[in-house]
Amino acid sequence: MSFRTSTQYVEDVSPGSGALPPRAWYASSDAKALCLGGSWRFRLSDTADAEDDSFAAPGYDAGGWAQVSVPGHWVLQGHGSPVYTNHLYPFPVDPPRVPTENPTGDHLRLFDLPGDWPEDGGTVLRFDGVESCARVWLNGTDLGEFKGSRLPHEFAVGHLLKPGGNVLAVRVHQWSAGSYLEDQDQWWLPGIFRDVTLLHRPAGGVLDFFVHASYDHTTGAGTLRVDSDVDGRVTVPDLGIDVAAGEPVTVPVEPWSAETPRLYDGVLATGGERVPLRIGFRTVALSDGLIRVNGRPVLFKGVNRHEWHPERGRALDLATMREDVLLMKRHNINAVRTSHYPPHPAFLGLCDELGLWVIDECDLETHGFTEQGWRDNPVDDDRWTPALLDRAARMVERDKNHPSVVIWSLGNEAGTGRGLTAMAEWIHGRDPSRLLHYEGDPGCRDTDVYSRMYADHAEVERIGRRLDGGTHKRRQLPFVLCEFGHAMGNGPGGLADYQQLFEAHERLQGGFVWEWIDHGIAHPELGYAYGGDFGEELHDGNFVCDGLLFPDRRPSPGLTEYKKVIEPVGISGDGTDGTVRVTNKYDFADLSALAFSWTYEVEGEVVDSGTLTVPALAPGASADLGLPEPPPGAPAGEALWTVRAVLAADTPWAPKDHVVAWGQIPAAQRRTPYVAAAARPVARDGVITLGPGVFDARTGALRAVGDVGVCGLRLDVWRATTDNDDGAAWQSGLRYGLLWRKLGLHRMRHRLDAVEVSEDALTVRTRVAPAARETALSAVYRWTSDGDRLRLAVATVPEGDWTVPLPRLGIRFGLPAADRVEWFGGGPGEAYPDTKAASAVGRWRSTVEDMQTPYVRPQENGARIEVRWAELGGLRVEGDPAFWLTARRWTTEQLDAATHRTDLLSGGTVWVNLDHGQHGIGSQSCGPAPLPRYHLKAEPAEFSFVFSVSATPTVSATPNAG
Ligand code: GAL
């Protein structure tokens, strides 16, 4: 036996050698399968050539080697470290060469065949994903090598197997020529990260097959034809179908859609094997310039999903995949782009079953070539075309039988070139039943959809109105925003404004928020690690944490916001005519799966409730429905109706009563607090008392309200800048986070100009300004009291030349203690001017702890909007007008300085911000800044608060989860 010691294949542009041609992937059949996951022997070398191949030979003693779990990434199992770069190649760009320092993991697995493993037929060994390049030996025989990390590769191995003591050896290289094609914005994580399976192939067993299941919406009939490389029969009992493979049959069916994912169970039986089929009848077409499924245009309410788990990286188990799909469905998401590679195949099965439109994207990105003006881009170099075609074929052949896949995507950020065109031509030829997507070609030469990322609202509107020009071909195409709403840190802002555009212009067929989940890596000291935390010499910091889910899959406020913005039922009313307007925003379903109810709430407390009868309403239809009379004897106070649409029965993705959509309709207006200036300020012993207020007579600083100590109350304009405030380095527009710091808004000084005591008021005059600047804000605090309550009126006027909006405008102060918080206003979660769709007016209870939003990189968070009154730390505050409430156990300065949540330590004091205004959030960490209407302009402002000692104690020893 001889081994090739050369590792030349690593730097070879070819996709590999020895693997079988790609074919349809299926999870189960009646043929035997053996999963080879589990603990494998593992040895890491620094270079591809460091060790010889002798480990692959039977009898090799690997007893001294480490062990790793397969599927898994060795860098997440204590061997080497992960590296994060967005688009920069973490090695010199010299395609197809890779560095000598090329971490190489030798993997060994010994296995016996189960006793009942059949002796006839053949066996294939399937790898579902190995990053980035592998060479495989079985029982000492070299099977070949492959690249294409997130694509399956099979080898015929039947002739090599023994009943016992089989030795499977896999050498995996972190870097290979393939790495040039896999420059996606994510962690570089080498390893055998998806399943390894031995599949028995019975004589006469299924080879490749292609399920064609179309739906004719004009007749209600579905046509099924299953093409198979091996003669066989196709049966679908529920449809009475029993035909030969290859033979078409047309029968009445219920169509498949993401909203109504009707699957029919069938079987493809060949001489040697029975493969279960899950058939969804649907027809995808481009007609009249629109993407239509079953004749109807669809509106994608999508997300971009990378595979991610904070401990296991891209080695996802089925439960995690299911959790992703359930979370998407429960948040009204109807589409997923598998950015930027084909996912684990089981994920697509879940999309078929639970209902999601899928853009299946090929494992291709060459973004790093942008650094050299795309020179030498493999996508425009014929030598690489076989590798590109191999990737296209491995995706299409693997996934072609999933009804959920409606669009193929060539890849992401790979420039343009002949290779892409070759892929597109091949895919169009092989599967004319689906459309083709690629974002990076403004001319849309190879695509069926005009796609962009991060276009701002104004441009999206122009595109919607067909005023954007472009090539003749592009002008005929429908539009999708394949990435928008960059969900990095606090945000994204502006989703509702995009959704309004999508709903207003038929050419705009929706978008996909970037992205689904933060790729934070669980870390013993840092909580979650991001780029740079492993000492990488090149990295892109926390740009890898830009998802709607936190790394532990807890929904972020961004996901809650998105759920509300894309809800499939519109519920609205202005309270003037006693009606509520209900609109069905589904594309296919009527409203019969939903039940509607109302509550009548006064000051946030439910006074009465009932059900609302809503007609089934066809997609697009609306109805104005009468609300009942307000309940007799309801208490006085601000009142509103909350109308909810909930699931009428359990579904596979959420239980009965799950809230799908809601709306609030005003019923009675708020009365703003009035405090008569009846009490007189009394100065004695260096202290001024005014009603319950106690002040320092020299500085006018508030020291206490009743027995509640207060410190540091003053005007505040600073917030710990968000990722979206800071903006991405490449942004050409103004980046306010930087401008604010340049202006010095994070280091404002407060000059005391006067403390004035009059008959009925204490007035404190200040000027608030940073060193080195002439810009300032005057702030006048006027205190009055009726004896029980203390009113603060703040008047502020900008001085000098303010060219930037303010981050925030309000007051802040410290309380010695607070844990429980109760308020009447927006909630339950945080909200900012352009992220407030999901904020519902109500009576909310939480704790200071729970009011913090755990952004992986700490930043401004947790504001509750439109708060009428709040109680915390023994204090009650009422606002005129309503205010933004934030409370935390650290200062804004500490929050600003922290790089990880573990930096945030309680300093004892609870810092409270009561804001009159906040600047919008936007999406400038990759997309547009907040729209001008969400800017907090520096202009004269007046606002007031009424403080009193709260009637119910809000400080308790044990925090109340609320
Ligand atoms: C896009 C890219 C994504 C991601 C995103 C920013 O340009 O396609 O992969 O990098 O920007 O998070």
Side-chain angles (χ1 to χ4, degrees), residues 303-314 316-317 319-333 336 347 485-492 495 513-524 526-530 542 544-566 653-655 658-659 722-724 821 827-832 835-840 844-864 886-889 895 898 900-904 921 925 959-962:
V303 285
N304 282 279
R305 175 180 178 272
H306 266 291
E307 296 182 310
W308 190 249
H309 185 281
E311 275 115 34
R312 297 193 296 275
R314 291 189 282 276
L316 257 53
D317 59 2
T320 305
M321 295 182 231
R322 178 173 281 276
E323 196 183 344
D324 277 351
V325 176
L326 293 180
L327 279 164
M328 289 178 192
K329 293 291 290 184
R330 290 175 186 164
H331 288 87
N332 293 332
I333 288 164
V336 54
F347 177 78
H486 196 250
M488 183 179 181
N490 187 333
L495 292 178
V513 165
W514 186 268
E515 66 174 305
W516 177 236
I517 183 168
D518 288 340
H519 309 206
I521 295 180
H523 189 284
L526 300 174
Y528 290 108
Y530 49 77
N542 68 317
V544 78
C545 292
D546 53 0
L548 294 172
L549 295 181
F550 295 112
D552 62 3
R553 288 194 153 64
R554 264 189 293 167
S556 76
L559 183 56
T560 311
E561 172 81 359
Y562 196 37
K563 173 184 178 181
K564 177 75 177 104
V565 163
I566 58 178
W653 48 270
H658 164 83
V659 177
T722 64
D723 294 315
N724 286 315
V821 185
E830 74 178 28
Y832 290 83
T835 63
K836 63 176 190 181
S839 179
W844 304 108
R845 293 170 186 87
S846 185
T847 61
V848 172
E849 222 64 24
D850 289 345
M851 286 177 79
Q852 314 309 309
T853 308
Y855 295 116
V856 172
R857 185 190 74 81
Q859 53 195 279
E860 165 65 26
N861 73 85
R864 273 33 179 205
T886 311
R888 45 176 81 105
R889 298 192 185 281
L895 186 64
H900 294 82
R901 295 205 77 228
T902 44
D903 295 338
L904 295 170
I921 295 294
S925 55
N960 165 14

With a 3.5 Å distance limit and no angle check, can you tell me whether [X] reaches the backbone of [Y] through a side-chain donor-acceptor pair?
X    : Y    : result
W514 : M488 : no
S556 : L548 : yes
R312 : P310 : no
Y530 : V544 : no
R901 : P858 : no
Q852 : A887 : yes
T835 : Y832 : yes
R330 : W653 : yes
E515 : G547 : no

Nearest 0.5 angstrom please: [X] [atom1] to [Y] [atom2], how far?
X    : Y    : atom1 : atom2 : value
E323 : M328 : CD    : CE    : 11.0 Å
E860 : N724 : CD    : CG    : 12.5 Å
F347 : R305 : CZ    : CZ    : 4.0 Å
M321 : L326 : CE    : CG    : 13.0 Å
D324 : K329 : CG    : NZ    : 14.0 Å
R857 : D546 : CZ    : CG    : 13.0 Å

Between [X] and [Y], what is the shortest heavy-atom contact and its length?
X    : Y    : answer
T853 : G862 : OG1-N, 3.8 Å
N861 : R888 : O-NH2, 2.8 Å
L327 : P555 : CD2-CG, 4.4 Å
A837 : K564 : O-CG, 3.3 Å
P492 : G558 : CD-CA, 4.3 Å
N490 : I921 : O-CG2, 3.2 Å

Taking C-beta and beyond as the side chain, do [X] and [Y] meet within less than 4.5 Å on heavy atoms?
X    : Y    : answer
W516 : V336 : no
T722 : Y855 : no
R889 : E849 : yes
R554 : P854 : yes

Inset, instruction - Identify the residue among L559, N304, L549 that makes a side chain to side chain contact (heavy atoms under 4.5 Å, CB included) with I517. - result: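 When L559, N304, L549 are each tested with I517, the side chain to side chain contact (heavy atoms under 4.5 Å, CB included) holds only for L549.
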